[in-house]
Amino acid sequence: MKFIADRLLLFGATGDLAKRMLLPSLCALDADDLIDPKLEIVGTARSDFDDQGFRNFAREALEKFLPPERRGSVATFLNRLSYQSLDATQIEGFEQLAAKVGTPERGLAIFLSTAPSLFEPTIRGLRHGGLAGETVRMCLEKPLGTDLASSRVINDAVGTAFPEDRIFRIDHYLGKETVQNLLALRFANIMFEPLWNAAHIDHVQITVAETVGLEGRVGFYDDAGALRDMVQNHMLQLLSLVAMEPPSSFDATAVRDEKVKVLRSLRLVDAGETVTGQYRAGAIAGQAVPGYDDELGKDSNTETFVAIKAHIDNWRWKGVPFYLRTGKRLPKRTTEIIVQFRQVPHSIFAGKGARTKPNRLVIGVQPDENITLSLMAKVPGLDRGGIRLREVPLDIAMANAFAGTQKRIAYERLLLDLIEGDQTLFVRRDEVEAQWDWIDAVRASWTDQGLEPKPYTAGSWGPSAAIALAERDGVTWHE
Ligand code: BG6
């Protein structure tokens with residue numbers, strides 16, 4: 001049912017995500033008059049706050065995480081907020097919560113960002129409190145399980161109270177502007193699609209590199225590791241957007257139908273096609289940083305780096321490897337997608353001593369949003385000693401091309417879509433399950449092989465085996 005929610009209920013309202021992302025995003029939307037003046041936001045968590053206590057908490061978060069020029073009238077925003085403390089394991093508490101939420105005029109959007117163990121009791125409580133009717137939508141934040149089986153348990157539990165068209169699963173990478181721009185690049189230009197296949201593309205690389213380490217997320221990260229934390233969701237979503245067939249329209253069903261086909265076409269990885277690593281003490285930007293075990297305070301076998309050579313078994317991508325790598329404590333923060341085209345079939349310049357290099361498209365997702373296409377050009381001159389060709393970039397820096405437009409936090413977009421009920425940039429259940437299916441198989445292959453993470457120095461590009469994974473195919477990671 002299409003409705004614009006006029007009530008938003010945030011579970012985990014005093015948590016890290018609320019502090020860093022959700023409250024700042026909502027305040028920024030408010031400052032730009034993008035949310036209904038009537039929208040009321042109710043926060044809930046275990047913490048024992050009253051309304052004023054929560055508003056103070058929110059004010060501090062905004063001061064820390066939202067630049068002053070984006071805050072608008074903080075007082076007006078804070079007035080939207082109220083708070084109800086809740087122990088989600090105690091069903092009676094949901095009656096009080098429902099009373100606090102009241103009766104929205106149009107509808108309620110619920111954002112669930114809590115420990116996975118609280119999902120089931122929360123859903124039960126919401127039903128008990130009458131907070132699961134037709135005009136309620138449910139947004140779920142990761143982690144949604146640790147494997148296919150546990151993700152099914154969560155999805156089944158949520159499914160008892162909400163049908164799929166009212167469930168919004170977040171992958172915040174889909175809220176990033178350049179990620180959406182990938183679709184514009186592919187499907188709003190004629191020149192890429194005819195070349196976007198195995199006949200013309202040699203391989204694809206997707207790198208999501210971070211400089212941060214554990215960031216205090218001791219309990220969560222050590223149980224997850226890089227494969228579950230980054231590859232299962234963000235990297236597979238990027239891969240599916242690069243590889244999918246053109247959807248018939250930019251709507252939730254058409255786009256997600258195409259993505260899920262890609263995810264289901266992922267081939268099970270062979271032994272030797274993945275490398276895992278864990279960082280040791282080193283330095284990032286000249287600053288000494290401790291090793292993972294030291295940050296964690298105990299020995300651990302969790303991977304903080306993973307590189308995978310993936311294959312998509314369909315007509316379009318037959319024989320085109322997708323090299324994926326992600327890691328913590330790498331030399332720089334960068335997310336990029338590299339599409340490496342093939343050589344021209346025949347070089348007419350070879351007899352004149354010139355060498356051609358294959359074209360390459362680099363899509364920079366962050367920190368800077370840019371698109372660079374490398375082209376061969378003739379070096380100016382009279383060519384008496386032979387023709388010289390050189391690679392030159394055709395460069396679009398989005399910040400310059402769209403100077404003056406507001407750069408937004410990914411959650412601004414996603415929260416607004418949730419309030420308005422557009423599921424296009426949210427992950428459907430069949431996608432999540434296809435992602436877990438493949439990830440579980442990767443993990444199983446690690447267990448079979450007895451694969452242990454290889455050490456790498458913080459500030460390096462991961463274990464040397466990751467470099468070898470690409471090099472043995474004659475591929476160099478783009479850096
Ligand atoms: C989260 C992961 O989903 O994404 C974190 O749990 C990671 O470990 C983060 O740091 C990266 O997001 P971004 O937007 O900073 O690239």
Side-chain angles (χ1 to χ4, degrees), residues 12 15-22 24-25 28 64-66 111-116 139-147 151 154 168-182 206-239 241 276-279 284 289 292 295-296 300 302-306 324-337 363-370 398 407-415 425-427 431-432 435-436 439 453 458 462:
D16 210 47
L17 186 76
K19 201 159 64 181
R20 285 170 189 266
M21 297 289 171
L22 305 181
S25 297
K64 196 154 173 209
F65 296 108
L66 192 64
F111 193 108
L112 206 55
S113 151
T114 45
C139 179
L140 305 172
E141 180 56 73
K142 64 174 276 220
L144 294 182
T146 51
D147 55 14
S151 98
I154 292 172
F168 291 64
R169 291 180 197 82
I170 293 254
D171 184 316
H172 79 278
Y173 268 53
L174 295 178
K176 292 183 192 270
E177 199 63 55
T178 334
V179 173
Q180 294 158 42
N181 208 10
L182 192 56
I206 303 178
T207 292
V208 182
E210 297 187 278
T211 53
V212 292
L214 253 184
E215 294 183 294
R217 299 153 85 211
V218 175
F220 163 72
Y221 192 86
D222 199 51
D223 287 341
L227 185 72
R228 292 179 175 125
D229 186 42
M230 297 297 284
V231 183
Q232 185 271 338
N233 37 49
H234 311 321
M235 298 196 80
L236 288 186
Q237 283 293 323
L238 293 179
L239 174 141
L241 291 172
T276 59
Q278 190 191 77
Y279 62 84
I284 310 245
V289 293
Y292 179 75
E295 263 185 76
L296 189 66
S300 162
T302 298
E303 80 287 354
T304 61
F305 175 97
V306 50
L324 315 178
R325 73 175 165 168
T326 185
K328 302 260 183 216
R329 294 280 192 228
L330 299 185
K332 58 178 181 186
R333 175 173 185 253
T334 180
T335 296
E336 56 180 21
I337 300 165
I363 301 162
V365 174
Q366 58 188 19
D368 300 318
E369 297 174 8
N370 46 40
M398 292 307 211
K407 203 171 173 206
R408 294 187 180 278
I409 308 168
Y411 281 93
E412 285 180 61
R413 167 71 194 238
L414 298 175
L415 283 164
L425 298 177
F426 293 84
V427 188
E431 290 180 80
V432 179
Q435 289 169 340
W436 276 123
I439 293 293

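Note that ligands are numbered from 1 as they come in the structure, with each ligand's atoms numbered from 1 the same way.
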| query | Does a side chain donor of either Tyr279 or Glu295 reach within less than 3.5 Å of an acceptor in the other side chain? | reply | yes

| task | For Phe111, check ring pair (Phe, Tyr, Trp, His ring centres under 6.0 Å) against everything at least two apart and list the hits. | result | none

Below 3.5 Å, can you tabulate the donor-acceptor pairs from side chains in residues 207-219 to any protein atom, sequence neighbours excluded?
from   : atom 1 : to     : atom 2 : distance (Å)
Thr207 : OG1    : Arg325 : NE     : 3.0
Glu210 : OE1    : Lys328 : NZ     : 2.8

| Short N-O contact, Lys142 and Asp229, less than 4.0 angstrom | yes

| task | Using a strict cut-off of under 4.0 Å between a residue heavy atom and any atom of ligand 1, list the qualifying protein residues by chain and number. | result | Lys142, His172, Tyr173, Lys176, Glu210, Arg217, Asp229, Met230, His234, Lys328, Arg333, Gln366

| task | For the residue pair Glu336 and Gln366, confirm or rule out a side-chain donor-acceptor distance under 3.5 Å. | result | no

| request: Identify, with sequence neighbours excluded, every residue that meets ring pair (Phe, Tyr, Trp, His ring centres under 6.0 Å) alongside Tyr221. | output: none

